[in-house]
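Note that the coordinates shown come from a computational prediction; the quantities given were computed from them, not determined experimentally.
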Amino acid sequence: MLDSIIQITRRLHQRRFPKLLATLALTITGLPALSQEVAIKTNLLYDATATPNLGVEVGVGGKSTVNIVYGINPWKFSSPSHGERYAKHWVLMPEYRWWTCTRLNGHFFGVHAMGGQLNVSNVDIPVPGFFFSGVKLNKAVRDSRYQGAFAGAGFTYGYQYPLSRHWNLEGEIGVGYAHVWYDQYPCGDCGQKIRDGHANYLGVTKIGLSIMYVF
């Protein structure tokens, strides 16, 4: 199942998924006959890590919504003390949400999946969880470059607070499992592959403070 998620997300990314997501949002909001609430959002905490992201949430039932988020970090950074460093990645995260009162207002519980690719070197990753088998990537990426793919799933709790008629503030946290397939390289963009392997992670899989516009 995890391999299937990776293959699907790779195909979506190759087809320029960010443009597809934006087009989908505009199309849905242009169909008033659906009589469904639609919102677009960005996770401010994710933005703070220099990772632009866009989310779309659509009502699919009286107390149900579907949320999908795409984020991408293509940047490299350098400093005299640490040299070149980066945590390049992209991730696609779909989620089903059930609301305790009305959708897009108050408490919600969700089930999310995720898939993406990474290319990480010479950084510290303060992951709020632990790797229980395979290499401990949060520490290993300080000394080597790791490139590969990941997939996982988990559970979410969150809360949305209406700020005005069209603006909401959302807080959420999710916990779950992720599997990482990787190739290890000695440093940066240099050197031949040292080995390939995998790692298993259990812990926080998403955390967010999002500003959103509800159509």
### Message
Assess, by modelled atom type and distance only, whether the side chains of Ser144 and Tyr185 contain a donor and an acceptor separated by less than 3.5 Å.
### Response
no
### Flag side-chain contact, heavy atom, 4.5 Å: Arg103 against Gln160
no
### Message
Could you check whether any side-chain N or O of Arg85 sits under 3.5 Å from a backbone N or O of Asn122, counting only pairs where one atom can act as donor and the other as acceptor?
### Response
yes
### Message
Quick one, Leu44 with Ile211, criterion side chain to side chain contact (heavy atoms under 4.5 Å, CB included). Give me CA distance, side-chain angles, the key distance, then yes/no.
### Response
CA-CA 7 Å; Leu44 302 177; Ile211 187 72; 3.9 Å; yes
### Query
Can you find a pair of side-chain heavy atoms, one from Val111 and one from Phe155, that are under 4.5 Å apart?
yes
### Task
Kindly determine whether Trp99 and Asn105 satisfy side chain to side chain contact (heavy atoms under 4.5 Å, CB included), including the steps that lead there.
CA-CA 8 Å; Trp99 299 78; Asn105 185 9; 5.6 Å; no
### Query
Do Arg145 and Val120 come within less than 4.5 Å of each other through their side chains, counting heavy atoms only?
no
### Query
Which heavy-atom pair separates Pro74 from Lys88 by the least distance, and what is that distance?
O-CE, 3.6 Å
### Exercise: identify the closest heavy-atom pair between Ile194 and Pro186
CD1-N, 3.6 Å
### Task
Treat each ILVMFWY residue as a node, draw an edge where side-chain heavy atoms are under 4.5 Å apart, and state whether Val60 and Met212 are in one component.
no
#### Entry: Criterion side chain to side chain contact (heavy atoms under 4.5 Å, CB included) against Tyr46, the qualifying member of Asn73, Leu209, Ile207, Asn53
Asn53
### Task
Sequence neighbours left out, what passes ring-ring contact (aromatic ring centres under 6.0 Å, His included) with His107? Give chain and number order.
Tyr157, Tyr159
### Task
With the side chain counted from C-beta on, respond yes when Leu137 and Tyr146 share a heavy-atom pair under 4.5 Å apart, and no when they do not.
yes
### Task
To the nearest 0.5 Å, tell me how far Thr205 OG1 sits from Met114 CE.
5.0 Å
### Query
Just wondering, do Cys101 and Phe108 contact through their side chains at under 4.5 Å, heavy atoms?
no
### Summary
Shortest non-hydrogen pair, Gly71 vs Thr51, comes out as C-CG2, 4.2 Å
### Query
How far apart are the closest heavy atoms of Pro52 and Trp75, and which atoms are they?
CD-NE1, 4.0 Å
### Task
Check whether the side chains of Glu84 and Ser78 place a donor and an acceptor atom closer than 3.5 Å, and report yes or no.
no
### Task
Begin with the C-alpha distance, continue with both residues' side-chain angles, and end with the deciding distance and a verdict on side chain to side chain contact (heavy atoms under 4.5 Å, CB included) for Tyr96 and Asn67.
CA-CA 6 Å; Tyr96 168 80; Asn67 186 65; over 6 Å; no
### Residue pairs involving residues 164-179 (criterion salt bridge (Lys or Arg N to Asp or Glu O under 4.0 Å); sequence neighbours excluded)
Lys41-Glu170, Arg97-Glu170, Arg97-Glu172, Glu172-Lys206
### Query
Would you say His179's side chain and Tyr177's backbone share a donor-acceptor pair under 3.5 angstrom?
no
### Message
Taking the six-membered ring for Trp, are Trp181 and Phe150 closer than 6.0 Å centroid to centroid?
### Response
no
## Note on the structure
Residues Phe131 and Ala199: closest non-hydrogen pair is CD2-CB, 3.9 Å
#### Entry: Heavy-atom check, side chain of Val135 versus side chain of His198, under 4.5 Å
no
### Beyond-backbone contact of Val69 with Leu54, side-chain heavy atoms, under 4.5 angstrom
no
### Message
When you group the ILVMFWY residues by side-chain heavy-atom contacts below 4.5 Å and let the links chain together, are Leu169 and Leu45 in the same group?
### Response
yes
### Query
Got a sec, which pairs hit side-chain hydrogen bond (donor to acceptor under 3.5 Å, both in side chains) with one end in residues 123-133, sequence neighbours left out?
Asp124-Arg142, Ser133-Asn200
### Task
List the atom of Glu57, the atom of Thr65, and the distance in Å for their closest heavy-atom pair.
OE2-OG1, 2.7 Å
### Task
Answer yes or no: is there a donor N or O on one side and an acceptor on the other, between the side chain of Asn168 and the main chain of Leu104, under 3.5 Å?
yes
### Task
Look at the side-chain heavy atoms of Ile, Leu, Val, Met, Phe, Trp and Tyr, link any pair under 4.5 Å apart, and say whether Leu163 and Val214 land in one connected group.
no
#### Entry: Same apolar cluster (I L V M F W Y, side chains within < 4.5 Å links), Phe77/Ile72
no
### Val58 side chain reached by Ile68 side chain, heavy atoms, under 4.5 Å
no
